[in-house]
There are 2 protein chains.
Amino acid sequence: MARATVQDVARTAGVSVGTVSRVLNGSSAVSASAKEKVNAAIKELSYRPLASARDLRRDRTMRVLALAKNLDSLVISEVFRGVGDAAADNGYVSLIAATDGDRDREQQLVDMLRNGSVDGLVIFSPTMPDEDVNTVAEQLSVIQVCEIVDAEAAFGVSIDDRQAAYDITKHLIDTGAKKLAMLAHRGARSGRLREEGFRQALAEAGLESDQVLLGEGNFGFHAGRSLAKKLLEGKDLPDAVFCGTDVVAAGCVRELTDAGLRVPNDVAVAGFDDSAQAEMCVPELTTVRQPAYEMGRVAFAELLERMTVEGSHRKGRTFLPHELVIRDSTK
Amino acid sequence: MARATVQDVARTAGVSVGTVSRVLNGSSAVSASAKEKVNAAIKELSYRPLASARDLRRDRTMRVLALAKNLDSLVISEVFRGVGDAAADNGYVSLIAATDGDRDREQQLVDMLRNGSVDGLVIFSPTMPDEDVNTVAEQLSVIQVCEIVDAEAAFGVSIDDRQAAYDITKHLIDTGAKKLAMLAHRGARSGRLREEGFRQALAEAGLESDQVLLGEGNFGFHAGRSLAKKLLEGKDLPDAVFCGTDVVAAGCVRELTDAGLRVPNDVAVAGFDDSAQAEMCVPELTTVRQPAYEMGRVAFAELLERMTVEGSHRKGRTFLPHELVIRDSTK
DNA sequence: GCGATCTATGGAATCGATTCCAAATGTGTT
DNA sequence: AACACATTTGGAATCGATTCCATAGATCGC
């Protein structure tokens with residue numbers, strides 16, 4: 001049995017296609033008897049309006065797409081949960097796709113916006129160069145979350161990464177740290193801002209650091225371990241380490257602990273994100289909480305404005321407040 | 001400036017719409033000069049064929065949708081990476097959506113298959129009742145991964161959960177355990193099979209257990225802690241605990257350790273999934289590795305058959321081999 | 001040089017749902 | 001009873017890309 005069309009429904013119900021469509025969309029007035037007949041026919045044929053035909057005619061899809069390199073971070077999945085809920089509240093469906101850091105695949109997914117497969121795009125961790133992101137963002141309904149390219153026209157939703165890094169570094173200094181190190185991801189766009197905050201806090205305390213170590217590729221537990229190993233091998237061991245993510249911090253703690261050092265007594269360690277790992281680590285990690293779910297909701301709201309209000313390409317970042325979460329890995 | 005259509009391209013290139021379409025799809029022969037003119041016009045107007053119009057005419061979308069309750073498990077993201085790669089190899093785009101365990105939202109997403117928004121569906125952790133899953137799966141291009149409903153007509157890709165649980169339980173017994181407990185998730189469809197395997201291994205060793213504890217809701221670190229707490233409060237403490245996931249095992253280890261017990265000397269603990277947490281835990285966890293990425297690839301391959309070969313609704317599960325990973329949490 | 005075959009092309013029909021316009025029916029007013 | 005007006009309905013046009021069919025032109029053999 002082939003798929004039923006609006007024609008079939010009309011025939012079965014003994015009305016015209018116009019009436020069927022009116023019942024489906026509740027647009028203008030339809031008599032109660034007609035509505036009843038149509039609904040009966042719809043049920044009988046188990047009819048569903050074909051999405052492509054509807055989208056073609058309406059010139060919109062009520063779908064948005066969220067892009068990220070991968071999905072294995074709790075921050076990402078929380079952000080996307082926020083996007084999804086906000087989308088649902090507004091009658092949209094939000095879909096997610098992973099680029100795996102593949103330029104071509106990312107291009108293909110961005111093309112889904114260009115060719116009208118979706119109405120809007122949420123970009124988490126772009127692989128393409130900054131200028132391309134800006135070009136796309138200026139022309140299309142796009143919003144960036146968390147990782148936002150650094151440019152005049154930058155726009156999107158995130159925390160104030162510079163301030164957050166400043167705050168947590170200050171906390172480390174306040175608890176007695178004199179020699180600080182930082183483990184950051186080379187690829188991260190937030191990295192430069194965080195390094196600024198880190199250095200600013202040091203400068204205000206009359207300190208400085210030559211131990212900002214950058215990791216490449218997969219910035220996870222093992223990266224944390226191997227970067228910490230470099231610290232251990234260095235001539236002067238820091239007494240506090242600020243890590244780009246909680247997972248890296250966990251790796252760092254593990255490496256230090258295995259080397260016989262005590263955290264936080266010998267070396268304090270701070271993470272970032274307040275992900276599940278922060279609580280699972282021993283000792284539990286001091287970290288910065290990002291309001292990930294809320295960021296997702298706000299991102300969708302701003303995207304919605306771009307999608308529906310003509311020419312509303314407002315620029316500028318929207319900052320959401322972060323929160324310092326102090327646990328046992330710093331004293 | 002409105003979106004360019006195939007008509008506009010035809011006019012600009014001085015050819016007919018048929019020729020433009022032929023160039024786009026490389027279908028039948030087009031002269032070199034015409035091809036050149038069309039490509040120039042496409043570039044000039046930065047034209048992209050509208051997805052909905054194309055999908056309508058072709059009656060397929062070259063998109064598949066992968067559904068899961070949430071995305072915060074490494075197994076899920078690896079499975080979906082496999083699906084995504086296999087899809088890309090075949091010219092498909094794979095999209096992901098989270099249901100959050102919400103029936104209505106799940107229904108809405110399944111409807112995307114019914115209304116032709118996508119060509120196929122990969123279901124990870126269905127919220128709807130088993131019979132509904134079966135109904136959907138029998139009629140439409142659907143494949144289940146990992147969590148597969150238990151029915152005659154069951155079909156999908158997973159490991160042999162019963163055997164895997166048997167294997168790891170046997171390992172616990174082989175290393176000296178006499179009193180075993182199991183922490184499982186009430187909602188998980190794989191749970192019953194794993195419990196079978198657990199009990200079978202016990203029975204073969206002449207043992208039995210009245211300590212199969214079921215967790216509800218969010219089955220994570222805290223669930224592991226609180227279930228372990230129940231074990232500690234019980235009259236006879238087990239000497240080995242088999243946990244449904246690594247994260248739960250990590251919670252269990254933490255609770256036991258905080259209570260002054262040593263893992264594995266006093267109590268051995270085993271996890272499941274070989275996720276990142278297994279290595280991050282102290283001691284590192286013995287666990288079962290699921291070939292998640294490969295499962296995703298195979299799942300797409302089977303889905304592709306369902307989507308393209310008429311009436312090919314082969315039934316039955318496809319099992320992929322699991323692997324026991326022995327680490328320090330068992331001795 | 002003429003019919004036969006092949007290649008390239010234009011243009012109309014098509015996919016299925018929506019929407020506009022006009023017509024038909026019904027209601028109320030004087 | 002006649003007219004104005006509101007409600008409901010049918011049906012054609014529309015969205016944009018694809019594809020089938022017919023034809024114009026080129027190529028070939030004899």
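Throughout, protein chains are lettered first and strands after them, A, B, ... in sequence-line order, and every chain is numbered starting at 1.
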Exercise. Checking all strands, does Thr19(A) fall into the base, sugar-phosphate, or nothing category for heavy-atom contacts under 4.0 angstrom?
Worked result: sugar-phosphate
Exercise. Contact class for Asp59(A) (heavy atom, under 4.0 Å): base, sugar-phosphate, or nothing?
Worked result: nothing
For this session: Check every strand shown and say whether Ala10(B) touches a base, only sugar-phosphate, or nothing at a heavy-atom separation below 4.0 Å.
Result: nothing
For this session: Considering just the side-chain nitrogens and oxygens of Asn25(B), establish if one lies under 4.0 Å of OP1 or OP2 belonging to dT18(D).
Result: yes
Problem set entry | Candidates dT9(C), dA17(C), dT18(C) - which lies nearest the side chain of Thr5(A) | dA17(C)
Exercise. If you measure from CE on Met295(A) to CD on Glu78(A), what distance do you get to the nearest 0.5 Å?
Worked result: 11.5 Å
Exercise. Which of these nucleotides, dT9(C), dG10(C), dT18(D), is closest to any side-chain atom of Val15(B)?
Worked result: dG10(C)
Seminar exercise, completed: Rounded to whole Å, the CD-P distance (Gln7(A) to dT18(C)) equals 12 Å
Exercise. Base, sugar-phosphate, or nothing for Val20(B), non-hydrogen atoms under 4.0 angstrom?
Worked result: nothing
For this session: Quickly work out the Arg60(A) CZ to dT18(C) P distance and round it to whole Å.
Result: 11 Å
Exercise. Whole-Å distance between dT9(C) P and Glu36(B) CD?
Worked result: 13 Å
Exercise. Roughly, in whole Å, what's the span from CZ in Arg3(A) to C1' in dA17(C)?
Worked result: 12 Å
Exercise. Judged by modelled atom types alone, do Asp119(A) and Thr61(A) share a side-chain donor-acceptor pair under 3.5 Å?
Worked result: yes
For this session: Please check the phosphate of dT9(D) (OP1 and OP2 only) for any side-chain N or O of Ser31(A) closer than 4.0 Å.
Result: yes
Seminar exercise, completed: Judged by nearest nucleotide, the residue sitting upstream toward the 5' end of DNA chain D, Leu24(B) or Gly14(A), is Gly14(A)
For this session: Salt-bridge test for Arg3(B) and Asp59(A): reply yes if a basic N is under 4.0 Å from a carboxylate O, no otherwise.
Result: no
For this session: Measure the CG-CZ distance between Asp111(B) and Arg114(B) for me, rounded to the nearest 0.5 Å.
Result: 5.5 Å
Problem set entry | Within residues 50-58 of chain A, residues whose heavy atoms come under 4.0 Å of DNA chain C | Leu50(A), Ala53(A), Arg54(A), Leu56(A), Arg57(A), Arg58(A)
For this session: Please determine, for the side chain of Ser16(B), which listed nucleotide (dA17(D), dT9(C), dG10(D)) has the closest atom?
Result: dT9(C)
Exercise. Roughly how far, to the nearest 0.5 Å, is the CG atom of Asp100(A) from the CG atom of Asp85(B)?
Worked result: 5.5 Å
Problem set entry | Chi angles and distances behind the side chain to side chain contact (heavy atoms under 4.5 Å, CB included) call for Asp102(A), Thr127(A) | CA-CA 7 Å; Asp102(A) 178 326; Thr127(A) 300; over 6 Å; no
For this session: Return the value, rounded to whole Å, for the distance between atom CG of Asp8(A) and atom C1' of dC15(C).
Result: 13 Å
For this session: Please figure out whether Ser33(B) or Arg48(A) has its closest DNA chain C nucleotide nearer the 5' end.
Result: Ser33(B)
Problem set entry | Interatomic distance, Gln144(A) atom CD to Arg189(A) atom CZ [nearest 0.5 angstrom] | 7.5 Å
Exercise. How far does OG of Ser52(B) sit from CZ of Arg60(A), to the nearest 0.5 angstrom?
Worked result: 12.5 Å
Exercise. Under a 3.5 Å cutoff on both atom distances, Watson-Crick or G-U, what's the dot-bracket for DNA chain D ([ ] crossing, | other strand)?
Worked result: ||||||||||||||||||||||||||||||
For this session: Please check the phosphate of dA17(D) (OP1 and OP2 only) for any side-chain N or O of Tyr47(B) closer than 4.0 Å.
Result: yes
Seminar exercise, completed: Residue pairs meeting salt bridge (charged side-chain N to carboxylate O under 4.0 Å, His left out), one or both in residues 295-304 of chain A, sequence neighbours left out, come to Asp89(A)-Arg297(A)
Problem set entry | Closest listed nucleotide, where the reference is the side chain of Arg22(A) and the choices are dA17(C), dC21(C), dT18(D) | dC21(C)
Problem set entry | Heavy-atom check, side chain of Lys37(B) versus side chain of Ser31(B), under 4.5 Å | no
